[in-house]
Amino acid sequence: EHYKPIVPSLLKKNRQSSPKLMKMTMNTSTASKAILLFIATIASISDAFLGIPPPRSPAGNPHLIEYAMGQDGFLLNVILDIPENVHSNDAASSRLVVDGLKIELTNDAVSVWDISGLPTSSGPLGLKIHADGKFVSMKGQEKVSFEKGSCWEMNWLDDSLLGDIVCGFYLATDAVRNDAVLPSGHVYLKFPIFTKHSLEIFETKQKTYNDALNEYYRIQFDMLDEMQKAKSLLKKLVCFKNSLGKYNEIMKLKSEFEQKVPTTQNAGGVLLSIGEDLFLATKGSVWTKNSGKDMDFVLVGEALLK
């Protein structure tokens with residue numbers, strides 16, 4: 001689909017320069033082989049982008065490129081919240097809060113490093129940094145300057161109700177505030193995106209979940225009430241065990257819902273309109289890559305839009 005503006009233009013040029021070609025019977029001629037070779041060559045070097053979005057997998061959202069191209073000129077004011085330990089809620093631990101980062105998404109094709117390499121992505125597009133991030137440490141105000149070569153992409157599987165926008169940067173030196181660190185290297189900001197249709201489905205699933213959760217709570221309270229009214233110790237122990245089992249079911253249901261159904265609540269609660277049928281969550285995540293052999297992505301904090 002991405003080659004429609006390219007191949008027809010080549011054929012049109014051939015027709016204009018040599019009208020006799022219109023009367024020729026198409027077969028496995030040199031011209032047709034050249035066109036096939038042209039397409040194959042473009043596909044083989046799509047990772048480098050070279051001004052052309054890479055071909056999507058059949059599983060990719062059919063509106064992916066349309067959605068991505070519509071973000072040209074969109075400004076993001078970003079706050080990075082990097083805790084000392086992303087898996088801990090210890091209020092006494094150090095935090096690195098980077099404010100003032102202002103970036104602009106463009107639809108310019110760029111020949112830089114590929115963020116995901118996924119066939120269901122838009123491929124790397126241009127990203128302009130209008131203002132560096134900054135934070136306050138014991139040294140005073142410090143800057144977080146990302147080197148040139150930053151880019152962004154949109155990812156979306158066709159069978160998924162949401163996609164994401166990922167911005168990729170390269171940080172030359174660690175950003176450090178006490179024990180909280182944003183390590184040098186590649187840094188990724190990931191924000192969920194939704195359509196009106198997907199939000200409606202999420203709302204329906206939210207209601208189903210809430211109804212199921214309320215029923216679980218009702219049964220649990222009944223068991224606790226029965227335990228309090230029980231006269232024998234054995235009866236109390238049985239009621240307590242049943243109540244504990246029901247509580248574990250509630251927690252499992254809640255965990256599965258939050259993982260499989262990303263509602264507006266666990267996506268930040270606030271959505272920005274970035275198109276006629278597209279919304280961007282204001283709460284995202286910050287990722288880096290570890291230095292090990294597997295180069296896995298590592299969650300290091302949250303990214304917030306203001």
Side-chain angles (χ1 to χ4, degrees), residues 1-10 35-76 78 101 103-130 146-171 185-195 198 272 274-281 284-289 295-297 303 305:
E1 181 181 350
H2 303 305
Y3 306 126
K4 287 181 180 178
I6 302 171
V7 177
S9 65
L10 291 177
I35 292 175
L36 292 174
L37 179 61
F38 172 79
I39 295 175
T41 302
I42 291 296
S44 66
I45 56 177
S46 61
D47 285 344
F49 207 71
L50 297 180
I52 302 169
R56 293 192 307 272
S57 161
N61 189 307
H63 302 291
L64 177 66
I65 297 302
E66 175 189 347
Y67 288 153
M69 294 299 104
Q71 306 315 311
D72 187 40
F74 191 73
L75 295 174
L76 300 175
V78 187
L101 178 61
I103 59 179
E104 177 184 350
L105 308 182
T106 78
N107 58 11
D108 299 329
V110 291
S111 302
V112 297
W113 50 283
D114 208 349
I115 295 177
S116 68
L118 295 174
T120 52
S121 84
S122 63
L125 300 171
L127 187 153
K128 298 178 182 178
I129 300 178
H130 291 286
F146 294 107
E147 292 188 349
K148 294 181 179 180
S150 301
C151 60
W152 75 280
E153 70 177 24
M154 184 179 290
N155 296 309
W156 206 319
L157 292 174
D158 188 30
D159 59 353
S160 176
L161 292 176
L162 77 160
D164 54 64
I165 284 178
V166 182
C167 301
F169 308 89
Y170 187 82
L171 184 61
H186 288 113
V187 178
Y188 307 88
L189 312 183
K190 181 179 179 181
F191 296 95
I193 50 178
F194 308 80
T195 63
S198 62
L272 296 178
I274 57 173
E276 184 177 351
D277 185 40
L278 204 59
F279 299 91
L280 173 69
S285 49
V286 184
W287 301 76
T288 60
K289 279 188 175 181
M295 292 290 288
D296 287 338
F297 287 95
L305 300 178

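Since this is a predicted model, take the numbers as computed values, not measurements.
The closest donor-acceptor contact from the side chain of Q71 to the backbone of I274 lies under 3.5 Å. No donor-acceptor pair under 3.5 Å is formed between the side chain of S122 and the backbone N or O of I65. Put simply, the side chain of D72 gets close to the backbone of N107: a donor and an acceptor are under 3.5 Å apart. Between the side chain of T120 and the main chain of N155, no donor-acceptor pair closer than 3.5 Å is present. At least one donor-acceptor pair under 3.5 Å links the side chain of S198 to the backbone N or O of T195.
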Q.
Run L105 and C167 through side chain to side chain contact (heavy atoms under 4.5 Å, CB included) and show every step you take.
A. CA-CA 9 Å; L105 308 182; C167 301; 4.2 Å; yes
Q: Could you please spell out the steps behind the side chain to side chain contact (heavy atoms under 4.5 Å, CB included) verdict for I193 and F191?
A: CA-CA 7 Å; I193 50 178; F191 296 95; 5.8 Å; no
Q: Check the pair L272 / F279 against side chain to side chain contact (heavy atoms under 4.5 Å, CB included), numbers first and verdict last.
A: CA-CA 5 Å; L272 296 178; F279 299 91; over 6 Å; no
Q: Go through the steps for Y188 and F297 under the test ring pair (Phe, Tyr, Trp, His ring centres under 6.0 Å), then give the verdict.
A: CA-CA 9 Å; Y188 307 88; F297 287 95; 5.1 Å; yes
Q.
As a quick check of understanding, evaluate side chain to side chain contact (heavy atoms under 4.5 Å, CB included) for M154 and L125, giving each step before the final call.
A. CA-CA 9 Å; M154 184 179 290; L125 300 171; over 6 Å; no
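Results of the side-chain contact (heavy atoms from CB on, under 4.5 Å) test with F146 over I103, L127, V187 single out V187 as the only residue that passes.
The side chain to side chain contact (heavy atoms under 4.5 Å, CB included) search around S285 returns K190, W287, L299, not counting sequence neighbours. For Y67, the ring-ring contact (aromatic ring centres under 6.0 Å, His included) test picks out H63, W156, with sequence neighbours left out. T288 meets the side-chain hydrogen bond (donor to acceptor under 3.5 Å, both in side chains) test with no other residue; sequence neighbours excluded.
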